There are 4 protein chains.
Amino acid sequence: MSTRPPPDATRRSERARRAILTAAVDLVAEVGYANLTIEAIAARAGVGKQTIYRWWRSKGAVVFDGFLFRQEVGGDITLPDTGDLRADLTTLLRSTIDDLVDPRVEAPYRALNAEIQHDPQLASDLVDHLLGPLLEATRQRLRSAQRAGQIAADVDLNLAVELLYGPIYHRWLLRTAPLTAGYAEALAALVLRALGTGSST
Amino acid sequence: MSTRPPPDATRRSERARRAILTAAVDLVAEVGYANLTIEAIAARAGVGKQTIYRWWRSKGAVVFDGFLFRQEVGGDITLPDTGDLRADLTTLLRSTIDDLVDPRVEAPYRALNAEIQHDPQLASDLVDHLLGPLLEATRQRLRSAQRAGQIAADVDLNLAVELLYGPIYHRWLLRTAPLTAGYAEALAALVLRALGTGSST
Amino acid sequence: MSTRPPPDATRRSERARRAILTAAVDLVAEVGYANLTIEAIAARAGVGKQTIYRWWRSKGAVVFDGFLFRQEVGGDITLPDTGDLRADLTTLLRSTIDDLVDPRVEAPYRALNAEIQHDPQLASDLVDHLLGPLLEATRQRLRSAQRAGQIAADVDLNLAVELLYGPIYHRWLLRTAPLTAGYAEALAALVLRALGTGSST
Amino acid sequence: MSTRPPPDATRRSERARRAILTAAVDLVAEVGYANLTIEAIAARAGVGKQTIYRWWRSKGAVVFDGFLFRQEVGGDITLPDTGDLRADLTTLLRSTIDDLVDPRVEAPYRALNAEIQHDPQLASDLVDHLLGPLLEATRQRLRSAQRAGQIAADVDLNLAVELLYGPIYHRWLLRTAPLTAGYAEALAALVLRALGTGSST
DNA sequence: TAGTAACCGAGACGGTACGTCTCGTCTTTAC
DNA sequence: GTAAAGACGAGACGTACCGTCTCGGTTACTA
């Protein structure tokens, strides 16, 4: 019973890494996650299969890293904070929906959501590194509104965040109905009634 | 290019059908959806592989039918309607959560939610036949409350339903935090504030 | 452990039998023996598969019966006996070769020769019912020549028959060289030297 | 429509090749050619099926190579040449018959003879690589006898070779009668009369 | 500046499962 | 009870990928 030595990351080929991640993201968009194979990634990347197996634990891990890699270029998340809570939330939900219906995002993101169902490790990676920043930023915006008295003091902000994104997620994953800009508005309005102080906002 | 003739359903073996569905549901719980194979289902069911391929289009379709088959025995959905909306919704969400954390439900249901991401046909089957009745029943309960003046007349009940289930679904699928009875209560309370007429209920 | 009762031949459908045998012979010529299936025979004959399995033991048996069935029309074998042994044998070998290179005979006959290698029962059927009459007739012609003093008295006529057909069979099965009319002549001449009395013929 | 690249023979596993050929020859003797499957060969050889499909075009090709492989060990063919033609030919035919009735040879060799009926490529391989050397050696022995005046100068030696082996082949393939040592003697004697110069030898 | 150790591309390997095909049996309905 | 029809259990087919395992060949540290 011997454990292989961990690969020496200092010798890692950056060229190969980039080629693999790019190939993975491209392929998942072309053929879907289910039809994506390590073999195809290796071929497209011009890389030996072993180079993939050496550095990633699973197909899901490669694709996930591919996502992060693509995200890296796109800068940080900054949420609008105009002071007008309703407007800010509506904008936020609208852009969330815009993202989800963008085909370049939809396909791979659905794949990820499928994959995390049988890979808890991947799920926590997703939540920590991809979703986390957005959820945290949303929480921050709500906290600022709460301090400004626009949101009742007793509201659990974690729950509030889920109240915002949960319905969208529900509709998107189950495809029960189309996601539209109007939906974002209606949802924001309804959630605000839940969070509000009761005073007129 | 010829399409095969559809099999003659009148000659279909009920024995084989039951064995296959039972084997599928059992196996998906034992080994998980990703590790489930048609060959294993056929072997467990004592059935030729062709008999599965003859009647189902995919692994997902078999598992889905397996679910429906198991559901058939369990009777119809009836939601509590005591007149106390808050109590009724809390009960409803609590039992939803109980279901989702029950390991016998969780494993195969996660599998289904993964599968529908790359099979829209299966998604619509799921929504129509498994989820549909529950969502519709929930809508009915809310409508009755709306008529009773407990819910504002301008509230879109489809949205209201998503406000109830979305957060749970979000938390369950992404595993951002544990689902507890307390969560059901807090969620019901918050949603009620969104739906309420503003008058004390 | 129960043996099925033998089928009642009096109820047998002559129409089905003819259709099956005809289909079998036609198909073996079209697709070759290896690619011939019971299913295809049944389909072509407009017959249930069970009807074939009821009356024949194997694919080989059907094809063989098909041959016999086609032969039935073709009358008895009569060999030339002009008194000129050399001429008669040359004619005989020539017509044998003509048969073997006729594509309508070649394909199915090769199939049969292949099949008998792993079906001794079929081999003995072939020798008894298809080849036997020709071999026996040849033996008779040689016997008459032996009585006339054209063949040495000590010659084993079974061996003599094999000396005639063996080389042709060898060349035909192994495709070592083409079978021509000239070959028939040369072979007949050489064999005659083996059989001869030594006196001038 | 793309053709797969030819495998890189330099990387080929000799261990796998030997195991496959041995398994193929053994199995064909045990279960017969018709019941021989690629899967069984792979299983017996402890080899993946793909390794067989990578290097051979068909089941027949594997079995044929198996024969060649077994032959390789048993060195070259050397025919007796004592000067006594009758004795030498009798010995030759006798050992030919001994081979053909040896069960270890009979089963796979029958299989090959069946297979070449619907695979001309295999037929020519068989004649060139397995039978060829023996036929050529026999021709050489006869040529030496012809030069020594023991065989008439006008005899076609190709035909003479067929006169020797054809009858044995005929009897062996059709199973018309048993092959014995006495048969070898009688056949050799008769053929010699065909080949002889007419003078007493 | 030679050696050497790790990674690299490539691809054969032992396997598993795929979805298709055909087998020979079983079951149903019609005659 | 035979016949046509066709679903059934069984299992081999040839393919696609899996994850592991050699192979040379770079490539970058070490002596």
Side-chain angles (χ1 to χ4, degrees), chain A residues 4-5 7-13 15-16 19 35-43 45-55 57-59, chain B residues 4-5 7-13 15-17 19 35-43 45-55 57-59, chain C residues 4-5 7-13 15-16 35-40 42-43 45-55 57-59, chain D residues 4-5 7-13 15-17 19 35-43 45-55 57-59:
Chain A
R4 59 172 173 182
D8 178 352
T10 68
R11 283 176 169 277
R12 183 167 188 178
S13 159
R15 197 194 62 73
N35 297 324
L36 177 68
T37 66
I38 297 272
E39 217 132 39
I41 297 174
V47 138
K49 285 197 292 175
Q50 196 61 250
T51 303
I52 297 180
Y53 285 110
R54 191 169 6 242
W55 300 108
R57 288 183 312 104
S58 70
K59 185 173 75 168
Chain B
R4 57 173 175 183
D8 179 351
T10 69
R11 288 181 175 278
R12 183 168 186 179
S13 159
R15 196 193 63 71
R17 183 179 152 267
N35 298 322
L36 176 67
T37 66
I38 298 273
E39 288 208 300
I41 297 174
V47 137
K49 283 196 292 175
Q50 197 56 46
T51 301
I52 298 181
Y53 285 109
R54 189 165 9 242
W55 300 108
R57 290 183 309 104
S58 70
K59 188 172 74 167
Chain C
R4 58 173 175 183
D8 180 351
T10 69
R11 287 176 167 273
R12 182 168 187 179
S13 157
R15 195 193 63 71
N35 297 323
L36 176 69
T37 67
I38 297 271
E39 215 129 36
V47 137
K49 285 195 293 174
Q50 196 56 42
T51 303
I52 299 181
Y53 284 109
R54 199 176 349 254
W55 300 108
R57 289 182 311 104
S58 71
K59 186 173 75 168
Chain D
R4 59 173 173 179
D8 179 352
T10 68
R11 291 183 177 279
R12 184 167 185 180
S13 159
R15 198 193 64 70
R17 183 179 151 267
N35 297 323
L36 176 67
T37 66
I38 297 273
E39 289 209 298
I41 297 175
V47 138
K49 283 199 290 176
Q50 197 56 46
T51 302
I52 299 182
Y53 285 109
R54 182 154 29 227
W55 299 108
R57 288 182 310 104
S58 71
K59 188 173 73 166

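Values in this document were obtained by computation on a predicted structure and should not be read as measured data.
Residues C:Gly46 and C:Arg15 share a closest heavy-atom pair of O-NH2, 4.4 Å. Considering every non-hydrogen atom in both B:Ala42 and B:Gly48, the closest pair reads CB-C, 4.3 Å.
Listed candidates were F:dG14, E:dC23, E:dC7. Nearest to the side chain of A:Trp55 is E:dC7. In the set F:dC18, E:dC8, E:dC18, the nucleotide with an atom closest to the side chain of A:Tyr53 is F:dC18. Looking at the side chain of D:Arg12, the nearest of the listed nucleotides F:dA12, F:dG14, E:dC13 is E:dC13. Ranking F:dA3, F:dC17, E:dG9 by closeness to the A:Glu39 side chain, first place goes to F:dC17.
Interatomic distance, CZ of A:Arg12 versus CH2 of A:Trp55, reported as 5.5 Å (0.5 Å rounding). Put simply, OG on B:Ser58 and CD1 on B:Ile38 are 7.5 Å apart, with the number rounded to the nearest 0.5 Å. From C:Thr37, atom OG1 reaches atom NZ of C:Lys49 across 9.0 Å, with rounding to the nearest 0.5 Å. Rounded to the nearest 0.5 angstrom, B:Ile52 CD1 and B:Arg54 CZ are separated by 11.0 Å.
Put simply, A:Ser13 has no side-chain N or O that comes within less than 4.0 Å of OP1 or OP2 on E:dC7. Under 4.0 angstrom from either OP1 or OP2 of F:dG14 there lies no side-chain N or O belonging to D:Arg54. Dashed line: the shortest gap from a side-chain N or O of C:Thr51 to OP1 or OP2 of F:dA4 is under 4.0 Å.
In this structure, C:Arg57 reaches neither bases nor backbone, as no heavy-atom distance under 4.0 Å exists between it and the strands shown.
With hydrogens and angles ignored, a donor-acceptor pair under 3.5 angstrom links the side chain of A:Lys49 to the base of F:dG19. Contact of C:Gln50 with E:dC26 (side chain to base): a donor-acceptor pair of N or O atoms is detected under 3.5 Å.
Distance B:Asn35 CG to F:dC18 P: 14 Å, rounded to the nearest Å. For D:Leu36 and F:dA12, the CG to P distance is 11 Å, given to the nearest whole Å. In this structure, the CZ atom of B:Arg17 is 19 Å from the C1' atom of E:dT27, given to the nearest Å. Protein atom NZ of A:Lys59 is 11 Å distant from nucleotide atom C1' of F:dC18, rounded to whole Å. Summarising the geometry, the separation between CD1 on D:Ile52 and P on F:dA12 is reported as 13 Å, rounded to the nearest angstrom. Nucleotide E:dA10 holds its P atom 16 Å from the CD1 atom of A:Ile38, rounded to whole Å.
Both D:Thr37 and C:Gly46 sit near DNA chain F, but only C:Gly46 has its closest nucleotide nearer the 5' end. Heavy-atom nearest nucleotides on DNA chain E were determined for D:Ala9 and for A:Ala16, and the one closer to the 5' end corresponds to A:Ala16. Both C:Ala40 and D:Ala42 sit near DNA chain E, but only D:Ala42 has its closest nucleotide nearer the 5' end.
Each end of the helix from E:dT1-F:dA31 to E:dC31-F:dG1 gets its own axis, taken as the rotation carrying the C1' atoms of four end pairs onto the next four within a five-pair window, and the two axes meet at 20° to the nearest 10 degrees.
Checked by atom type and distance alone, the side chain of B:Lys59 pairs as donor or acceptor with a backbone atom of B:Leu36 at under 3.5 Å.
In this view, C:Ala16 and C:Ser13, C:Val47, C:Thr51 satisfy the side-chain contact (heavy atoms from CB on, under 4.5 Å) rule, not counting sequence neighbours.
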Revision key, fill the gap. Once base and sugar-phosphate atoms are separated, protein heavy atoms under 4.0 Å mark nucleotides 24-31 of chain F, 5' to 3', with B, S and - as ---BB---
